[in-house]
Structure formats: C-alpha cells, structure tokens
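Quantities reported herein were computed from a predicted structural model and do not represent experimental measurements. First the proteins, then the strands, lettered A, B, ... as listed; each starts at 1.
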Number of protein chains: 2
Amino acid sequence: MGASKSDLFTKQQNDIATMAKALAHPARIAILQYLYKKNACVCGDLVEELGLAQATTSQHLKELKNAGLIQGTIEGASVCYCLHPAVWKQYQELFAGFFKEVKLSKTCC
Amino acid sequence: MGASKSDLFTKQQNDIATMAKALAHPARIAILQYLYKKNACVCGDLVEELGLAQATTSQHLKELKNAGLIQGTIEGASVCYCLHPAVWKQYQELFAGFFKEVKLSKTCC
DNA sequence: TTATATTATCGTAATATTGCGATACGACAA
DNA sequence: TTGTCGTATCGCAATATTACGATAATATAA
C-alpha cells in the first residue's frame, strides 16, 4: 500500500500528523530558522544558505507554503518569503496542547 | 535520490526533523494519546483500538520505541507499553524552544 | 509435550518523499 | 524585441514509508 489510512483517525490526530510531517525534514527546519532569525523577508539567498539545488529548495518552500507556515510575496523579479504568524501560532498551540495533555507523574513500567 | 542530506544541516535541525518524523503519522499520534489517556500500561488492546493490522501496529510501536517515546515491558505472554517520561519531556522542550525563538511582532510581507 | 495466545519479524506491493537536471515562466534591463 | 535573472514546474531515479499476510518467536495453559 503506502498510503496512510487517514479515515481511521480523528481530525485532530490527522492534523497533528500533517503538521509534524511539514517539520519532518532538516532542510525545512533550516528554512524556518533562517527566516525567523533574519526576522524579515528573505529574497533569493535561501539556495546558497541551504546547499541544496535550486529545484530542491523550491520544492521544500512549496511544502512549507502548502502547510501554511510561510508566505511568499513577489518583489520584482524575485520572491520574498516570511513566516505566517497566525499559522505559526496555531502550530505552536497544537503541539503545546498535545504535549500538555499527558500526566507524567504516574509511572507504571 | 530519496535520502535526505542530513550532513548539510546542524545536529539540532536534524534532531527536530527526526522527532517530527516520529509524530508524522496519525496512527502514532493515536497510540500516544491512547497511552496517556489511559495513564497506565496498555497490554494488547492497541490493535483493536487502532483498526490497523497487527503487523502494522507492531511496526508503528517499533518506530515509537526507536524514537524513545514509549517503552515496553514484557508482562507474561503480552507486552505492556507506556510513555517514557524523560524523552517525552525532551520532545516537549525541543518543540517549545523551536517555536519560541520566533519574534512574530514584525510582519513584513 | 502439545496447543494457544500475544507480539515481532520477514517478504512483498503500493505509494510517498527526496533530490536534481532540464526546462518553462515571469519580471526587468538593454 | 531580445537577453538575463530568479523562481517554479516537469520528469526521472533512488530511497523511504505504509500496510498486510505469512511466519517465527516466546510465554503460558492444557
């Protein structure tokens, strides 16, 4: 098969998994960190920054855009990327909520 | 290719990506939620709970064990699983730290 | 010992991801 | 218009993931 059976799980479970998948590659983590360290729009210098081919970098950017984590605005000939604050906050809260549900006090094994 | 070029990125970036990958499937989210909702060791009933085949469930459990998130202790004929508190806390802090680094005040696009 | 119950592993098929070269597309400059 | 620069998309190859049936491994029950 290969396709995950998303209909077996709740929307929340699928949402968390989808968000985690967007973060499940070091190149995408690097892109996000670069964007928020610069704290500004970044135009063009991501390819040199990452060390991956231009096509590969563009593909990772597309996935981050699909996940809603970043947005790109056309600035003349190039495109400027920055974080999407609302979605970022949403991710932050979803993960924080997921981790906080646990009561780790009781150990049983 | 298909293999990600982990040598291009920092250890922290690879760590976050690896942890995210462990959470990047709804079945694994469901397992973790079931474990912490029960707040106890769970022996055996995970297969009925998930609706996936026994082999598939076992495979997801193995990945969570490899990620360190859960631990299993042999209890007679069956195996009891529960969360690994220390690693869970580590995940929580790594993600929280990753999300907190950002300054979302300045929007530029 | 033999049977049964529970979990792990093997082998295989279907699909997804990662990466890159080649190429197309869009905006601007000459 | 023609050329150039920056980005996106296409097509392909290599590898990874997901899923399951079959089978092995282990512990207990009969």
Side-chain angles (χ1 to χ4, degrees), chain A residues 1-9 13-14 16-31 34-35 41-67 70-82 109, chain B residues 1-9 13-14 16-31 34-35 41-67 70-82 109:
Chain A
M1 315 278 159
S4 57
K5 298 196 153 185
S6 55
D7 49 309
L8 285 177
F9 308 103
Q13 288 163 346
N14 281 303
I16 296 178
T18 302
M19 288 185 171
K21 197 176 274 185
L23 302 177
H25 195 289
R28 294 197 285 274
I29 299 294
I31 290 173
Y34 187 70
L35 284 181
C41 279
V42 172
C43 301
D45 36 343
L46 275 167
V47 176
E48 304 105 78
E49 186 66 19
L50 288 184
L52 292 171
Q54 185 266 325
T56 309
T57 305
S58 183
Q59 202 173 317
H60 283 300
L61 286 169
K62 190 183 178 184
E63 284 180 61
L64 288 173
K65 261 190 288 184
N66 287 342
I70 63 171
Q71 53 192 177
T73 32
I74 299 167
E75 192 83 21
S78 60
V79 178
C80 290
Y81 293 101
C82 63
C109 295
Chain B
M1 313 272 163
S4 56
K5 299 196 153 186
S6 55
D7 49 308
L8 284 177
F9 308 103
Q13 287 163 348
N14 281 304
I16 295 179
T18 301
M19 289 187 171
K21 197 176 272 185
L23 301 177
H25 196 288
R28 294 196 286 274
I29 299 294
I31 291 172
Y34 187 70
L35 286 180
C41 279
V42 171
C43 302
D45 35 343
L46 274 167
V47 176
E48 304 106 80
E49 186 67 19
L50 287 184
L52 291 170
Q54 186 267 327
T56 309
T57 305
S58 184
Q59 203 172 315
H60 283 301
L61 285 168
K62 190 183 178 184
E63 285 181 58
L64 288 172
K65 260 188 290 184
N66 287 342
I70 64 172
Q71 53 192 180
T73 33
I74 298 168
E75 191 83 20
S78 59
V79 179
C80 290
Y81 293 101
C82 64
C109 296

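Contact between the side-chain N/O atoms of A/His60 and the OP1/OP2 oxygens of C/dT17 is not found at any separation under 4.0 Å.
Among the heavy atoms of the strands, none lies under 4.0 Å from B/Glu75. No engagement by B/Ile74 is indicated, since no non-hydrogen atom pair under 4.0 Å with the nucleic acid exists.
The separation between A/Glu63 atom CD and C/dG19 atom P is 10 Å, rounded to whole Å. The distance from atom CZ of B/Arg28 to atom C1' of D/dA19 is 13 Å, rounded to the nearest whole Å. Between A/Leu50 atom CG and C/dG19 atom C1' the separation is 13 Å, expressed in whole Å. Residue B/Leu8 contributes atom CG, which lies 14 Å from atom P of C/dT18 at whole-angstrom precision. Protein atom NZ of A/Lys21 is 15 Å distant from nucleotide atom P of C/dT15, rounded to whole Å.
Atom CD of B/Glu63 is separated from atom CD1 of B/Ile70 by 10.5 Å, given to the nearest 0.5 angstrom. In this structure, B/Glu48 CD and B/Gln54 CD are separated by 11.0 Å, a value rounded to the nearest 0.5 Å.
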N/O to N/O distances under 3.5 Å, protein versus nucleotides 4-9 of chain D:
residue	atom	partner	partner atom	Å
D/dT7	OP1	A/Gly44	N	3.1
D/dA8	OP1	A/Lys65	NZ	3.3
D/dA8	OP1	A/Tyr81	OH	2.5
D/dA8	OP2	A/Ser58	OG	3.1
D/dA8	OP2	A/Tyr81	OH	3.2
D/dA8	N7	A/Gln54	NE2	2.8
D/dA8	N6	A/Gln54	OE1	2.9

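Side-chain atoms of B/Lys5 lie closest to C/dC20 of the nucleotides D/dC20, C/dC20, D/dT18.
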Using side-chain contact (heavy atoms from CB on, under 4.5 Å), reason through B/Tyr34 and B/Leu50 one step at a time and then give a plain yes or no.
CA-CA 10 Å; B/Tyr34 187 70; B/Leu50 287 184; over 6 Å; no

Checking A/Leu46 against A/Tyr81 for the side-chain contact (heavy atoms from CB on, under 4.5 Å) test, could you report, in this order, the C-alpha distance in whole Å, the side-chain angles of both residues, the deciding distance, and whether it holds?
CA-CA 10 Å; A/Leu46 275 167; A/Tyr81 293 101; 4.3 Å; yes

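Surrounding CD1 of B/Ile74 are at most 12 heavy atoms belonging to other residues, nucleotides or ligands under 6.0 Å away.
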N/O donor to acceptor pairs below 3.5 angstrom from side-chain atoms of residues 18-27 of chain B, sequence neighbours left out:
residue	atom	partner	partner atom	Å
B/Thr18	OG1	B/Asn14	O	2.8
B/His25	ND1	B/Ala27	N	3.0

